[in-house]
Number of protein chains: 2
Amino acid sequence: MTRERWREIRALIERDIMDGVLEPGARLPTEPELATQYEAGRHTIRRAIAELAKEGHLSVEQGRGTFVQPRPMIDYPIGRRTRLRRNLGAQGIDVTSEPFGADRIPAEGRVARMLNLSEGSPVIASRRLSHADGVPVSFGTLYHDAERFPDIAERRIGLGSVSAVYRSYGIEDYLRGQTQIHARPARSEEARRLRQHPDMPVLVVRALDRELDGTPLAYGQVIWSAARVRFSINIDDEDAG
Amino acid sequence: MTRERWREIRALIERDIMDGVLEPGARLPTEPELATQYEAGRHTIRRAIAELAKEGHLSVEQGRGTFVQPRPMIDYPIGRRTRLRRNLGAQGIDVTSEPFGADRIPAEGRVARMLNLSEGSPVIASRRLSHADGVPVSFGTLYHDAERFPDIAERRIGLGSVSAVYRSYGIEDYLRGQTQIHARPARSEEARRLRQHPDMPVLVVRALDRELDGTPLAYGQVIWSAARVRFSINIDDEDAG
DNA sequence: CCGAATTTGTTCGTATGTATC
DNA sequence: AGATACATACGAACAAATTCG
C-alpha cells in the first residue's frame with residue numbers, strides 16, 4: 001500500500017485523461033466533489049491536481065474550474081534559415097502574432113555586444129506574442145539597430161513576417177548565427193501570457209540573425225512554451241524545415 | 001488578505017540568498033523555526049521554500065534540512081561535432097561518467113527508424129550518468145546496432161569517451177545529424193538522479209550520430225539538468241566548442 | 001546495532017479571501 | 001447580488017528519512 005494518497009489519486013486522474021474518460025477540454029468535478037469521491041482531504045486532491053497541472057495535463061482556473069488540456073507538440077526547426085511562418089506553415093500550422101510594445105532604448109551589455117554596437121547606442125526593442133493555431137506559443141523581444149531600422153516597429157505592424165520587413169529594407173536574405181537554448185520554471189506573468197500553468201517550464205532562446213556577409217541584423221530573446229514546442233536542429237539542411 | 005504571505009516570505013529568503021546572508025551550502029533554519037521567525041504557519045513557509053527550490057535556489061532533503069544551492073551554468077555546444085568531453089573540457093570543466101546498465105533489446109519504432117534497422121532487430125541500449133566537476137548534469141541511453149557493435153557496452157566501460165570507443169572499432173570521425181530538444185518537468189526518479197529538486201525542469205535531447213558517409217552510428221536520448229546546462233547552437237562553426 | 005531526537009513529508013480539518021458566472 | 005469554485009492560511013497529528021548517542 002502506498003501511503004502517499006495524492007500520488008494514487010494523481011495516477012487515477014491521469015489514467016482517466018489518457019483513456020479518454022476525461023476528454024480534452026472537459027471540466028473536472030470540483031475539489032470538494034473529488035475529495036468525497038476519492039475519500040481524501042481537499043489538500044490531497046489539490047496536490048494531485050497541482051502535479052498534473054505542472055505536467056501540462058490540466059489547467060486550473062480560479063473561479064471557473066479545472067480543465068483537461070490538450071497538448072499538441074509543435075516542431076520548430078532551427079537551422080541556417082530559421083523562419084517562423086515558413087517552418088510552421090509547412091506543418092500545416094497557422095501562425096499569427098501581435099505586437100505588444102516597442103521601445104527605443106540604449107543598448108546594454110549583451111545586446112550591444114551581439115549587434116556590434118557601442119554601449120548605449122540606441123536600439124529598437126520590439127515585443128511580440130505569437131500564436132500557433134490560435135494558441136499562444138511564444139513571446140519575446142527583438143533588438144534592432146535604431147540608426148539602421150528607425151521605423152522597424154511600425155513596419156512590423158503593417159507587414160506580417162520578419163522576412164517581409166527585411167525585404168522592405170532591401171534585405172533579401174539572412175542567416176541565423178548563434179542560438180542559445182535553456183529551460184527554467186516560468187514566472188507567473190509568463191505563464192499567464194502563454195496561458196499555461198505557472199508550474200510548467202519555458203524554453204528561453206537567445207539568437208542572432210546575420211546578413212549573408214555576416215553583418216548582425218537582429219538579436220532576440222524569445223520565451224517558448226515548453227508544453228507546446230520542441231526544437232529540431234538540422235545541421236546538414238541548407239534550409240531547415 | 002490580498003497580501004499572499006508566502007510570496008513575501010519567498011522574496012525575503014531569496015533576498016538573503018542573493019545578498020549572501022545565506023551562503024551557498026548553508027542550512028536554513030528548520031521549518032517550525034522559520035514559521036515563528038516570519039510569524040506564519042508551517043504550510044506557508046513550505047510553500048515559499050517549494051517555490052525557491054523549484055527555481056533551483058534551495059535543495060530540500062527530508063530528515064536533513066533545507067540548503068542553499070549554488071547554480072553554475074554549463075554551456076554545451078551542439079554542432080556538427082558534438083563531443084561531451086572535448087566541449088566541456090575546453091571550458092575547464094572536469095567531465096566524468098559512469099555506466100548504470102546496458103541491455104540487448106529489440107529495436108522499436110523510433111530507434112529502429114533512426115538507425116535504419118528493421119523493427120525488432122537487436123540493439124544495445126547503454127545507459128550512463130555524467131558529472132561535470134562532480135555534479136550530475138545528465139543521464140541517458142545510447143542505442144547501437146547490436147550486429148555491428150556487439151560488445152560496445154563492455155568497451156565503453158574500459159575506454160572513457162564515446163569517441164575512443166568508436167576509434168576502437170576503426171571509426172575515426174563522426175558527425176551529429178538531427179537533434180531534437182524539448183523541456184518538461186522532471187519525474188521524481190530523474191530529479192533524484194540529477195540531485196535536483198523534483199520541481200526543476202529537465203531538457204530532453206534526442207540525437208542521431210552518423211558516420212561521414214551518412215551511415216547511422218548511434219541514436220541517443222539524454223536527460224539534462226535544466227538548472228545546470230544550456231545549449232549553444234553554432235551553425236557556422238565547423239567545430240563546435 | 002538500536003533507539004531517540006531531529007527534520008522534512010503527508011494528510012486531515014477548518015476558515016476566509018478572491019475570481020468567475 | 002448571490003452562488004460557485006479555486007487560493008491562501010492556520011493548526012494539529014503522524015509518517016518517513018536522517019543523524020547521533
Side-chain angles (χ1 to χ4, degrees), chain A residues 1-13 22 25-54 57-69 186-189 191-193 195-200, chain B residues 1-13 22 25-54 57-69 186-189 191-193 195-200:
Chain A
M1 295 306 170
T2 315
R3 273 166 203 72
E4 298 185 24
R5 190 95 181 88
W6 70 266
R7 283 186 198 278
E8 293 179 25
I9 294 167
R10 188 211 109 125
L12 288 170
I13 297 175
L22 292 165
R27 218 199 74 183
L28 260 68
T30 70
E31 289 171 356
E33 275 169 5
L34 288 168
T36 53
Q37 182 181 325
Y38 289 110
E39 296 180 348
R42 203 176 142 232
H43 280 312
T44 311
I45 298 295
R46 280 175 65 75
R47 178 77 191 264
I49 287 177
E51 204 75 5
L52 285 165
K54 190 178 77 183
H57 296 298
L58 297 175
S59 91
V60 186
E61 298 175 37
Q62 183 174 171
R64 294 196 58 227
T66 302
F67 303 86
V68 180
Q69 197 158 34
R187 298 191 229 292
S188 58
E189 174 216 336
R192 230 180 308 123
R193 276 233 179 80
R195 285 212 237 128
Q196 64 178 28
H197 189 274
D199 285 342
M200 191 71 200
Chain B
M1 283 196 255
T2 309
R3 57 189 209 268
E4 297 194 28
R5 190 95 181 88
W6 71 267
R7 281 186 199 279
E8 293 179 25
I9 294 167
R10 188 213 110 127
L12 289 169
I13 297 174
L22 292 165
R27 219 199 74 183
L28 262 68
T30 69
E31 290 170 355
E33 274 170 7
L34 288 167
T36 52
Q37 181 181 326
Y38 288 110
E39 294 179 348
R42 199 176 144 227
H43 281 311
T44 312
I45 298 295
R46 281 177 63 76
R47 178 77 189 265
I49 287 177
E51 204 76 4
L52 286 164
K54 190 178 76 183
H57 296 298
L58 296 176
S59 92
V60 187
E61 297 174 38
Q62 183 174 168
R64 300 223 312 128
T66 303
F67 303 85
V68 180
Q69 198 158 36
R187 299 191 227 292
S188 57
E189 173 216 337
R192 230 181 307 123
R193 276 233 179 79
R195 284 210 238 129
Q196 64 178 27
H197 189 274
D199 285 341
M200 190 72 200

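In what follows, chains carry the letters A, B, and so on, assigned in the order in which the sequence lines appear, proteins first and then strands, with residues in each chain numbered from 1.
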Worksheet item: How long is the gap from CZ on B/Arg46 to OG1 on B/Thr44, to the nearest 0.5 Å?
Response: 11.5 Å

Response to the item:
When rounded to the nearest 0.5 Å, the distance separating NE2 of B/His57 from CZ of B/Arg10 is 7.0 Å

Discussion item. Expected output is a numbered-order residue list: members of residues 40-48 of chain B with a heavy atom under 4.0 Å from any atom of DNA chain D. What is it?
Written reply: B/Ala40, B/Gly41, B/Arg42, B/His43, B/Thr44, B/Arg47

Discussion item. Side chains of A/Leu34 and A/Thr66, heavy atoms from C-beta outward: is any pair under 4.5 Å?
Written reply: no

Find the distance [X]:[atom1] to [N]:[atom2] and express it as a whole number of Å.
X       : N      : atom1 : atom2 : result
A/Glu31 : C/dT20 : CD    : C1'   : 15 Å
A/Glu4  : D/dC14 : CD    : P     : 19 Å
A/Leu58 : D/dA5  : CG    : P     : 17 Å
B/Gln62 : D/dT18 : CD    : C1'   : 9 Å
B/Glu61 : C/dT8  : CD    : P     : 10 Å
A/Ile9  : C/dC12 : CD1   : C1'   : 12 Å
B/Arg64 : D/dA16 : CZ    : C1'   : 15 Å
A/Arg7  : D/dA15 : CZ    : P     : 18 Å

For [X] and [Y], which heavy atoms make the closest approach, and how far apart are they?
X       : Y       : result
B/Ala53 : B/Val60 : CB-CG2, 4.2 Å
B/Ala48 : B/Ile9  : CB-CG2, 3.9 Å
B/Glu33 : B/Thr36 : O-OG1, 2.8 Å

So, is [X] close to the [N] phosphate, meaning a side-chain N or O under 4.0 Å from OP1 or OP2?
X       : N      : value
B/Arg5  : D/dC10 : no
B/Thr30 : C/dT6  : no
A/Thr66 : D/dC6  : yes

Item to complete: By nearest nucleotide on DNA chain C, pick out whichever of A/Glu39 and B/Pro29 is the more 5' one.
Response: B/Pro29

Worksheet entry | B/Arg5 side chain to B/Tyr38 backbone, donor-acceptor under 3.5 Å | yes

